[in-house]
Amino acid sequence: MLKLRGILNQRLLEAMAKALPLPQAVDPLLRPATKPEFGDFQANGAMGLAKVLDSPPRQIAQAVVDHLQVDDLCCPPQVAGPGFINLTIRPEVLAAEVQGRLKQPRLGVPMAEPRQRVVVDFSSPNIAKEMHVGHLRSTIIGDCIARVLSFRGHQVLRLNHLGDWGTQFGMLIAHLKNVAPQTLAGQENLDLGDLVEFYRQAKGCFDEDEVFQERSRREVVQLQAGAPESLRAWGLLCQRSRQAFQAIYDRLDVQLLERGESFYNGALPGVVEALEQAQLLVTDDGARCVFLQGITGKDGRPLPLIVQKRDGGYNYATTDLAAIRQRLTSPEAGGEGAERVIYVTDAGQSDHFAAVFQVAQRAGWVPPGCRLQHVPFGLVQGADGKKLKTRSGATVRLRDLLDEAVERARHDLVERLAQEQRQVTGEFIESVATAVGMAAVKYADLSQNRTTNYQFSFDRMLSLQGNTAPYLLYVYVRIQGIARKGGPLETPGPAAIYLNDPQELHLARQLLHFDEVILELEKDLLPNRLCTYLFGLSQSFNRFYDQLPVLKAPTQLRSTRIALCRLTAETLGLGLDLLGIKTIDRM
RNA sequence: GGGCAUGUAGCUCAGCUGGAUAGAGCGUCAGAUUCCGGUUCUGAAAGCCGAGGGUUCGAGUCCUUCCAUGCCCGCCA
């Protein structure tokens, strides 16, 4: 409907110019109708002009309608309520739009103009730690955003800002030298078993043993100085973690380019120097920091952003600033040349990013027209409304969570197969359970407004009813069933589509909104809007399918309905794909 | 103490740049079925949109003051 909306907006502008004594053009405030009975669009502009023109809003609206020429597209416009202008697209125009969509794989979504270079920074787990639900949200949401921006034609770089550097490596290396010295000499392959358990042990030593603490600090210094043995130990730890992470990314079907904190190590001194030159740097209590504007602490004084600690070490703010420079620097100068950088992290880091962005701005590292954007999300909570934990109080491991989703999906599937007495292969059960389980986890996350906390529930996400992945997947499967039974849902010839029945019209209208939804998603980065849309589309389809025969319809109606089925499947397929969810043909 | 976010039906949540009588799912209750996969569809009950004040033709949405909850707050990331 993007195209039609643009045309109608133009016609309204023209009509207003003719009808009203206005010095300059005024926005007609064209919006999608709030209710089906109001038609497709409503123009709200008349009401705001009542005061300016000193006449009743309905009269203004009527004057605009009198000059409005839209008979080629719309039924006669109606003035309603306090002064709305309601516009209803004619069925044959809708039919032509549907026809047009059938021929294009982009389903009406235009390529972005201009195309941008975009960095999406997401997922970002820490080496030697287990991925948990916080990483899940970042990974799923970040992946969706990257997919949508790529689809729009932007050049997207998906970066995994891995926590692969920093003080925690001191204790890890120290512990490694204690328990497996031979691996460091290259004599044995590293087998640390559960890396998380290893981390816990190291942390235990660090907390209890002062001698160990001191050794850990020395290890950090050695590592940062590039001592070969330390680097080797570090490399071994990273490699182990990397394998574990990759297994998760493979299951989730998420592509990421690893670019951990260590990547920016060499650039850290340069960050401090540049800030010094920009005269932003202040030494306070031995630490080198930039005092922030408009952000004050407990005592009302400006808060500092520390970029070099008293002991000379750098911290995450320094790394983030180095990353910003790298990402915003032009490709000719060895950078990424990004015009938009998106950070998908939990909302708890909002202050941190506000501070870092401010400093980057003041240092002059953000070229005009470039945008740094923190895309925050809320906590994952359990049924009790508190941060999600296992019964024993530990963090929930991501792989356990995914396992359980698939296991529950398999259980439901097997039960249903038995009820329906269907015979299928083990392979089928496996692939459906995996697809449904992953889809459920992703969709549950994405269908929630990301800014709020999100209550995790296997029962809800795997439910076959309601706004869930299984409900949407089922609609897709149903349509594939029609195709299996009735032959391929071939494109009807020209002028073969006639929209008549209310259910047909309603479904067609819904289908045509897809382009607007995607553009909105690109702007607001709120995947739940797409989910809401796909759910509504699925409901419309089920209503349509419930009330109207497709394959058994008379010939002249059949091709229209098959076309609607096909476009529904394509829209669902593309929509789910942009969410990072795979469709299946049977379930 | 300061900052940010959230508060909408019994529960989980939508509500985009302010628009017409505040929406959906689950749950509850009552129905439908010539069924192309009923994992469906129809209907009903259910609300002081946290509270007060303001802005205007019009406020769940914007401003302001409270209240409640969550997260964050100088050398961890």
Side-chain angles (χ1 to χ4, degrees), chain A residues 27 29 31-35 37-38 42 44 47-51 56-57 80-84 86 124 126 161 163 165-168 261 284-289 295-300 303-311 313-317 319-320 345-352 354 376 378-379 381 383 385-387 412 416 420 422 447-449 451-455 457 459-460 463-468 470-471 473-475 477-482 484-486 516-517 520 523-524 526 528-529 531-532 535-536 539 542-543 545-547 549-553 561 565 586-587:
Chain A
D27 189 348
L29 298 177
R31 305 277 183 270
T34 51
K35 291 189 175 183
E37 54 265 39
F38 300 147
Q42 60 187 53
N44 302 337
M47 279 140 352
L49 294 172
K51 195 165 249 182
F84 299 100
N86 289 340
S124 309
N126 294 313
H161 195 76
W165 201 251
T167 45
Q168 78 273 19
E261 293 170 351
D284 190 78
D285 199 11
R288 314 268 274 157
C289 34
I295 305 175
T296 52
K298 291 174 193 177
D299 49 7
L303 270 179
L305 181 75
I306 295 173
V307 294
Q308 190 167 21
K309 297 186 285 184
R310 198 165 27 198
D311 65 5
Y314 304 103
N315 57 15
Y316 68 118
T319 309
D320 282 345
T345 78
D346 66 278
Q349 297 189 50
S350 299
D351 293 348
H352 166 68
L379 279 178
Q381 302 172 316
K386 294 187 177 161
K387 199 168 173 179
D412 292 350
R416 209 176 65 240
E420 295 172 12
R422 282 168 67 191
S447 61
Q448 201 98 166
N449 184 319
T451 52
T452 57
N453 291 346
Y454 146 57
Q455 200 173 93
S457 161
D459 287 331
R460 270 203 298 274
S463 169
L464 303 160
Q465 293 141 341
N467 188 6
T468 66
Y471 180 88
L473 288 175
Y474 177 62
V475 171
V477 165
R478 268 185 137 175
I479 299 174
Q480 299 315 307
I482 298 170
R484 273 195 300 276
K485 198 148 229 162
E516 290 166 305
V517 174
E520 191 185 306
K523 189 159 58 79
D524 301 337
L526 289 172
N528 67 300
R529 298 261 166 81
C531 295
T532 302
F535 177 54
Q539 284 182 309
N542 274 333
R543 235 166 265 147
Y545 190 65
D546 185 63
Q547 293 180 27
V550 174
L551 293 177
K552 292 176 185 166
R561 293 183 185 167
C565 285
R586 295 172 192 261
M587 64 192 285

Which part of the nucleic acid, if any, lies within reach of A:Val477 when heavy atoms closer than 4.0 Å are counted: base, sugar-phosphate only, or nothing?
base
With a non-hydrogen cut-off below 4.0 angstrom, is A:Arg422 in contact with a base, only sugar-phosphate, or nothing?
base
Looking only at side-chain N and O atoms, does A:Arg478 offer a donor or acceptor that is under 3.5 Å from a partner on A:Asn542?
yes
Using atom CD of A:Glu420 as one end and atom P of B:C35 as the other, report the distance to the nearest whole Å.
17 Å
Please give, in whole Å, the distance from B:C13 C1' to A:Gln381 CD?
13 Å
Nearest-neighbour nucleotide for the A:Glu261 side chain, B:A20, B:A77, B:G37 considered
B:A77
Give A:Pro82 one of three labels, base, sugar-phosphate or nothing, depending on what nucleic acid heavy atoms sit under 4.0 Å from its own.
nothing
Rounded off to whole Å, could you give me the NZ-to-C1' distance for the A:Lys387 and B:C71 pair?
9 Å
For A:Lys523, answer base if it contacts any base atom (sugar-phosphate contacts may also be present), sugar-phosphate if it contacts only those atoms, and nothing otherwise; contact means non-hydrogen atoms under 4.0 Å.
nothing
Return the nearest nucleotide to the side chain of A:Leu379; candidates are B:G70, B:G74, B:A77.
B:G70
A:Arg586 atom CZ: more than 12 heavy-atom contacts under 6.0 Å
no
Determine the Euclidean distance between corresponding C1' atoms of B:U55 and B:U65; express it in Å to zero decimal places.
15 Å
Distance between the P atoms of B:C26 and B:U69, in whole angstroms?
32 Å
Name the closest nucleotide to the A:Asn44 side chain, picking from B:U21, B:C36, B:G19.
B:G19
Just checking A:Gly83: base, sugar-phosphate only, or nothing, at a heavy-atom cut-off of under 4.0 Å?
nothing
If the cut-off is 4.0 Å, is A:Lys485 near the phosphate of B:G37, judged by side-chain N/O to OP1 or OP2?
yes
Tell me the stems RNA chain B sits in, counting at least three consecutive Watson-Crick or G-U wobble pairs, each under 3.5 Å on both distances.
B:1-7 with B:67-73, B:10-13 with B:23-26, B:28-32 with B:40-44, B:50-54 with B:62-66
Measure from the side chain of A:Gln448, starting at C-beta and using heavy atoms only, and say which of B:C75, B:U39, B:C13 lies closest.
B:C13
Using the P atoms only, state how far B:C11 lies from B:G27, rounded to an integer number of Å.
16 Å
Please state the C1' separation for the pair B:C35 and B:G23 - nearest whole angstrom.
30 Å
Roughly how many Å apart are B:G3 and B:C29, using the C1' atom of each and rounding to a whole number?
48 Å
For B:U56 versus B:C13, give the span between their C1' atoms, rounded off to a whole number of Å.
31 Å
Between P on B:U39 and OH on A:Tyr545, what's the gap in Å once rounded to a whole number?
12 Å
Regarding A:Ala287, tell me which of base, sugar-phosphate or nothing describes its non-hydrogen contacts under 4.0 Å with the strands shown.
base
Distance only, no hydrogens: is a donor on one side chain within 3.5 Å (strictly under) of an acceptor on the other, for A:Ser457 and A:Asp459?
no
Which value, in whole Å, describes the distance between the C1' atoms of nucleotides B:U61 and B:C49?
10 Å
For B:C13, does the base pair up with any side-chain atom of A:Asn528 as donor and acceptor (N or O, under 3.5 Å, distance only)?
no
B:G31 versus B:C63 - spacing of their P atoms, nearest Å:
49 Å
Distance check: side-chain N/O of A:Asn449 vs OP1/OP2 of B:G15, anything under 4.0 Å?
yes
Using a cut-off of 4.0 Å on non-hydrogen atoms, how would the nucleic acid contact of A:Gln455 be classed: base, sugar-phosphate, or nothing?
sugar-phosphate
What's A:Asp27 touching, base or sugar-phosphate or nothing? Going by heavy atoms closer than 4.0 Å.
nothing
Heavy-atom distance under 4.5 Å between the side chains of A:Met587 and A:Leu473, does that happen here?
yes
I'd like a table of atom pairs between the protein and nucleotides 25-32 of chain B - only N or O on both sides, under 3.5 Å - with the distance next to each one.
from: B:G25; atom 1: OP1; to: A:Gln539; atom 2: NE2; distance (Å): 3.4

B:G15 phosphate, OP1 or OP2: any side-chain N/O from A:Arg529 under 4.0 angstrom?
yes
Mind checking whether A:Phe84 and A:Phe38 have ring centres under 6.0 Å apart?
no
